[in-house]
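Quick notes on the structure that follows.
Order of listing sets the numbers, starting from 1, for every ligand and every atom in it. Values below: all heavy atoms of this structure, side chains included; hydrogens, waters and symmetry mates excluded.
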Amino acid sequence: MSNLVHAAVRGGRPPAFARELVRRGAAKVYGAARDHGAVTEPGVLPVALDITDADQVARVAAQCADVSLLVNNAGVLRYSTFIGAPDLDAARLEMETNYFGTLRMCRAFAPVLAAAGGGAIVNMLSVTSFFTNPFDASYGASKAAEWSLTNGVRIELHHQGTLVVAVHAGFIDTEMAALTDAQKISPESVAGQVFDAVEAGQIEVLADERSRDVKAKLSRDHELIYPPIQEFWDAAVSGTPQG
Ligand SMILES: NC(=O)c1ccc[n+]([C@@H]2O[C@H](COP(=O)([O-])OP(=O)(O)OC[C@H]3O[C@@H](n4cnc5c(N)ncnc54)[C@H](OP(=O)(O)O)[C@@H]3O)[C@@H](O)[C@H]2O)c1
């Protein structure tokens, strides 16, 4: 089995997905990053990939034609509000990367996975796929769009036997969440849960308590999810300390 894990390396942090695949005995693991020189994990083959670059995505799909598991992990978060942001640049970057980039990857690798007998796609989403937090509003919109594409791609690729796994989590202890000291799950725990799910043929991973709690409340979101967020936002904009 060959696997393409992209954007699993950053700032010297252990590339949890790629490392876990090597540990589980995958025959070949590609590690894709914009700076492929940053991929130094033993047993992982570096591949240069910017998922916003259509030509590069097509080249990588041709180069990695033996892939049977695609992990779409790349993502950006700009902590941008809808109304207060100075312009739409952050919202566009988040949508271009998290939504269009992931969609482009799914489209490019669908025939590769079909040739492998179906294989699997893992899309790294977020608890913010489920609701809007004004502090990272446009990121949430891009993750909601990515969740929607994940559900649609699963239906479209069912005929070729491709398993499409949606992964949701609150904070994970990576550079993206470095600004907060809120409780975080480890990238290693996420990777372990994800590949257990792939092996079990499971379509959704709710990787932490926060994502399990929010998903359970979705049918009553305006009663249970949004009021505390509104309260927190109102306190923040009025400068009232949280009790
Ligand atoms: N950390 C969290 O709290 C958290 C929670 C839930 C979900 N997630 C999701 O988990 C995934 C991984 O995030 P992380 O926590 O590891 O964040 P991170 O530390 O900021 O890493 C993000 C990775 O995405 C890559 N990337 C960004 N734009 C790219 C592009 N255009 N093409 C290719 N690679 C690109 C980055 O590569 P460079 O090194 O080249 O910048 C980096 O390796 C993301 O989809 C994120 O939304 C994170």
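- No heavy atom of Ala33 sits closer than 4.0 Å to any atom of ligand 1.
- Judged by distance alone, the side chains of Thr52 and Glu96 never bring a donor and an acceptor atom under 3.5 Å apart.
- How far CZ of Arg220 is from CG of Leu224: 4.5 Å, rounded to the nearest 0.5 Å.
- Contacts between Leu125 and ligand 1 below 4.0 angstrom, taking non-hydrogen atoms only, involve the backbone exclusively.
- Taking a cut-off of under 4.0 Å to the non-hydrogen atoms of Leu49, the atoms of ligand 1 that pass are 32 (N), 33 (C).
- Salt-bridge formation is not detected for the pair Lys217/Asp221: no Lys NZ or Arg NE/NH1/NH2 atom is positioned less than 4.0 Å from an Asp or Glu carboxylate oxygen.
- Separation of atoms CZ (Phe17) and CD (Glu188) is listed at 10.5 Å; rounding is to 0.5 Å.
- Here Thr97 has side-chain heavy atoms under 4.0 Å from ligand 1, and that is the only part of it that gets that close.
- Using a 4.0 Å cut-off to heavy atoms of Val76, the atoms of ligand 1 that qualify are 27 (C), 28 (N).
- For Arg92, the side-chain contact (heavy atoms from CB on, under 4.5 Å) criterion is met by Leu88, not counting sequence neighbours.
- Proximity of Lys143 to ligand 1 is established by a heavy-atom distance of less than 4.0 Å.
- Around atom 5 (C) of ligand 1, the closest heavy atom drawn from Gly101, Ala169, Gly170 belongs to Gly170.
- Below 4.0 Å from some heavy atom of Glu175 lie the following atoms of ligand 1, by number and element: 19 (O).
- Within ligand 1, the atoms closer than 4.0 Å to a non-hydrogen atom of Phe171 are 3 (O), numbered from 1 in the order shown.
- For ligand 1, the atoms sitting less than 4.0 Å from at least one non-hydrogen atom of Gly75 are 22 (C), 24 (O), 27 (C), 44 (C), 45 (O), numbered in the order shown with element in parentheses.
- In summary, the side chains of Asn151 and Ser148 do not present any donor paired with an acceptor at a separation below 3.5 Å, with no hydrogens or angles considered.
- Within ligand 1, the atoms closer than 4.0 Å to a non-hydrogen atom of Thr174 are 1 (N), 14 (P), 15 (O), 16 (O), 17 (O), 19 (O), numbered from 1 in the order shown.
- Checked against a 3.5 angstrom limit, the closest N/O atoms of Asp50 and ligand 1 fall inside it.
- Asn72 and Thr102 are not linked by any side-chain donor-acceptor pair at a separation below 3.5 angstrom, with hydrogens and angles left out of the test.
- In summary, of the residues considered (Met124, Glu204, Lys215), a side-chain contact (heavy atoms from CB on, under 4.5 Å) with His168 occurs for Glu204 alone.
- Using a 4.0 Å cut-off between heavy atoms, Leu77 makes no contact with ligand 1 at all.
- Within ligand 1, counting atoms from 1 as listed, the ones closer than 4.0 Å to a heavy atom of Ile51 are 30 (C), 31 (N), 32 (N), 33 (C).
- With a heavy-atom cut-off of 4.0 Å, Lys184 does not touch ligand 1 at all.
- Heavy atoms from both the backbone and the side chain of Asn73 come within less than 4.0 Å of ligand 1.
- Within 6.0 Å of the CZ atom in Arg24, the count of heavy atoms belonging to other residues, nucleotides or ligands exceeds 12.
- In the model, Tyr226 has no side-chain atom that pairs as donor or acceptor with a side-chain atom of Asn133 under 3.5 Å.
- Proximity to Thr52 (heavy-atom distance under 4.0 Å) selects the following atoms of ligand 1: 31 (N).
- For ligand 1, the polar-atom distance check finds no N/O of Ser126 at less than 3.5 Å from any of the ligand's N/O atoms.
- Within the structure, the salt bridge (Lys or Arg N to Asp or Glu O under 4.0 Å) test picks out the following pairs touching residues 131-154 (sequence neighbours left out): Lys143-Glu146.
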